[in-house]
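Okay, so here's the structure we're looking at.
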Protein chains: 2
Amino acid sequence: MPNRIAGSLASLESHLVGVVVPSLSNIVFPEVLHGINSRLKSSNYQSVISISDYDLEHEEVLVRGLLSWKPAAILIAGFDHTPATSRMLDQCGVRVVEMMDIDSVPIDTAVGMSHRRAGYATGQHLIERGYRRFGYVGHNWTADRRAKLRYDGCCEALSNAGISFVAHAIAEGPSSVANGRAQTARLCDASAVDVVVYSNDDMAVGGVFHCLSTGISIPDQLAIFGFNGLDIGRELPRPLSTVRSNRFLIGEKAIDAILGRPDRPITPNIIDTGFEVFVGATA
Amino acid sequence: MPNRIAGSLASLESHLVGVVVPSLSNIVFPEVLHGINSRLKSSNYQSVISISDYDLEHEEVLVRGLLSWKPAAILIAGFDHTPATSRMLDQCGVRVVEMMDIDSVPIDTAVGMSHRRAGYATGQHLIERGYRRFGYVGHNWTADRRAKLRYDGCCEALSNAGISFVAHAIAEGPSSVANGRAQTARLCDASAVDVVVYSNDDMAVGGVFHCLSTGISIPDQLAIFGFNGLDIGRELPRPLSTVRSNRFLIGEKAIDAILGRPDRPITPNIIDTGFEVFVGATA
DNA sequence: CTGAAAGCGCTTACAG
DNA sequence: CTGAAAGCGCTTACAG
């Protein structure tokens with residue numbers, strides 16, 4: 001059995017790809033990792049996965065730790081980093097892919113979708129379907145900039161139609177089915193809306209469960225719209241109306257962008273993996 | 001910024017912990033990884049996660065790859081390995097923790113719960129609650145030995161009460177909400193049962209969705225019992241009756257078993273993280 | 001084409 | 001206590 005530590009030191013190539021994601025509890029990140037792994041399987045590269053727990057200070061420690069292994073690349077979720085993390089990523093010279101989001105200018109390469117445009121598409125789609133009294137149920141944006149971008153995009157679409165959200169219910173913690181259910185209950189108690197736009201599918205499934213429990217008819221009494229296109233949404237009694245993001249594809253494209261390309265592109269490279277409105281039956 | 005590759009070669013200590021899990025799609029494995037990471041956070045060890053995709057041949061490649069980085073330990077899910085994998089793990093000398101399951105004799109240390117006993121507890125609990133006509137809805141056992149162990153344990157409990165499963169519906173693929181829903185439909189078409197024992201919560205949630213769609217009343221017309229105690233089950237209109245396994249604890253205990261202990265125990269060490277019947281409202 | 005030597009960037013044990 | 005040297009196990013460039 002060879003010793004790759006010695007091999008890497010001698011050849012100055014570690015064949016390691018460092019990956020930093022905020023969580024594995026939100027199923028979108030395991031899906032991205034799955035895409036990464038499927039592309040890496042046939043290569044002689046190996047991913048080293050680190051979890052930041054949505055903590056940018058901890059992310060800094062993780063990035064420093066990964067860089068000390070001289071990886072071929074760092075794949076990191078999002079654009080939100082501490083100044084020190086950004087500086088390290090910028091100056092280390094290794095390839096850097098910022099994943100999920102293409103709404104900012106990347107250090108090297110971004111692979112993902114425009115969450116702003118997805119939010120806009122959501123608003124536009126629901127207006128076309130005749131909804132006018134919009135509610136929003138979300139989770140804490142400080143750890144999830146992309147949810148904020150979608151909200152902003154949706155507001156823009158509503159604004160173009162001369163309307164705006166009439167009610168909000170925002171959970172303090174992260175997105176979850178439990179938070180979606182609780183905040184839907186709060187929103188329904190406080191205001192009358194036709195349709196609720198959720199920060200993501202987990203929250204929206206919570207909304208569906210609230211309606212099933214309390215006998216609110218979907219979509220006649222309340223329409224529900226999510227984001228992500230998770231498997232669970234398709235299996236609900238009525239398929240969840242949502243926007244599909246292509247998480248597996250993001251992982252694949254991130255690897256394609258760096259494999260066999262040791263040098264950064266001259267100008268930042270942006271790879272759009274797109275999204276798609278899934279009409280479903282809840283809105 | 002130091003070079004840890006050179007450092008590891010010089011000190012002959014990599015401070016790496018290799019982790020092999022079959023999947024990240026089944027949320028139980030991310031939860032175990034979360035436990036591992038939470039314990040590793042304050043140490044100077046770093047986990048290197050590999051995904052086998054339920055493919056034992058690929059697992060062998062992964063274990064060989066991890067071992068070539070001279071890790072302090074290998075944490076691997078389950079006891080099912082190719083002979084070559086088992087030989088490598090046995091002879092490499094590094095600490096080895098087999099996770100999830102304690103129903104076999106480990107190479108070094110096992111951390112997990114007895115799935116056989118959990119299955120037995122399920123059968124016993126449902127018999128005590130008066131159920132007599134049992135159905136089973138499951139997924140492919142070849143990649144999930146632990147589901148088979150639970151089934152066997154449940155059969156034993158039924159047998160002790162003089163009964164047995166009257167109907168089975170087994171999906172060909174892995175466990176999922178979609179497969180649970182489809183197999184529940186098949187089973188309900190074919191036979192009349194009081195209660196269905198599911199191979200896990202994902203499958204059971206599919207069963208709940210089938211009942212919600214077709215108007216079958218839970219638990220009066222059909223009782224549903226899962227396994228794992230996932231968050232989603234607790235948020236259903238009626239909380240899912242299930243057995244809670246402690247995935248986060250498994251990850252934590254796996255790290256506790258190896259951190260600061262470079263030598264294997266003289267006799268195999270078994271750490272039982274236990275389980276707990278959650279009565280819920282679906283059975 | 002083959003084989004011995006140099007060197008990767010650190011840690012460690014040891015001479016001063 | 002300090003600092004130069006040896007050595008970790010490979011790869012690579014080069015002498016023969």
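All values below were derived from every heavy atom in this structure, side-chain atoms included, with hydrogens, water molecules and symmetry-related copies excluded. Letters go in sequence order (proteins before strands), and every chain restarts at 1.
With contacts defined as side-chain heavy-atom distances shorter than 4.5 Å, the pair B/Ile49/B/Leu33 qualifies. With contacts defined as side-chain heavy-atom distances shorter than 4.5 Å, the pair A/Glu98/A/Ile107 qualifies.
Helical stems of DNA chain C (runs of at least 3 Watson-Crick or G-U pairs, donor-acceptor distances under 3.5 Å) are listed by first residue: C:1-3 with D:14-16, C:5-12 with D:5-12, C:14-16 with D:1-3.
Taking the six-membered ring where tryptophan is involved, the planes of B/His15 and B/Tyr45 are tilted, since the angle between them lies from 30° to 60°. Using cut-offs of 30° and 60° on the angle between ring planes, the pair A/Phe248 and A/His34 is perpendicular.
The closest donor-acceptor contact from the side chain of B/Asp53 to the backbone of B/Asp55 lies at 3.5 Å or more, if one exists at all.
For residues 9-18 of chain A, proximity to DNA chain C is found at A/Leu9, A/Ala10, A/Leu12, defined as any non-hydrogen atom under 4.0 angstrom from a strand atom. A heavy atom closer than 4.0 Å to some atom of DNA chain D occurs in no member of residues 65-73 of chain B.
For A/His115 and A/Phe275, the gap between ring centers reaches or exceeds 6.0 Å.
Taking each heavy atom of A/Gly226 and A/Thr242 in turn, the nearest pair found is C-OG1, 3.2 Å.
Across B/Thr109, B/Val111, B/Val97, a single residue satisfies side-chain contact (heavy atoms from CB on, under 4.5 Å) together with B/Lys253, and that is B/Val111.
Heavy-atom contacts of chain A under 4.0 Å fall on DNA chain C between two terminal nucleotides, which in 5' to 3' order are C/dG7 to C/dG9.
Using P as the reference atom, C/dG16 and D/dG7 are 16 Å apart when rounded to the nearest Å.
Taking the side chain to side chain donor-acceptor pair (under 3.5 Å) definition, one finds that A/Asp108 meets it with A/Arg95, sequence neighbours left out. When the side chain to side chain donor-acceptor pair (under 3.5 Å) test is applied to B/Arg64, the partners found at least two apart in sequence or on another chain are B/Glu60.
Using a 3.5 Å distance cut-off with no hydrogens or angles, the side chains of A/Ser245 and A/Asn228 do pair a donor with an acceptor.
The residues B/Arg146 and B/Asp80 are annotated as not salt-bridged, no charged nitrogen and carboxylate oxygen being separated by less than 4.0 angstrom.
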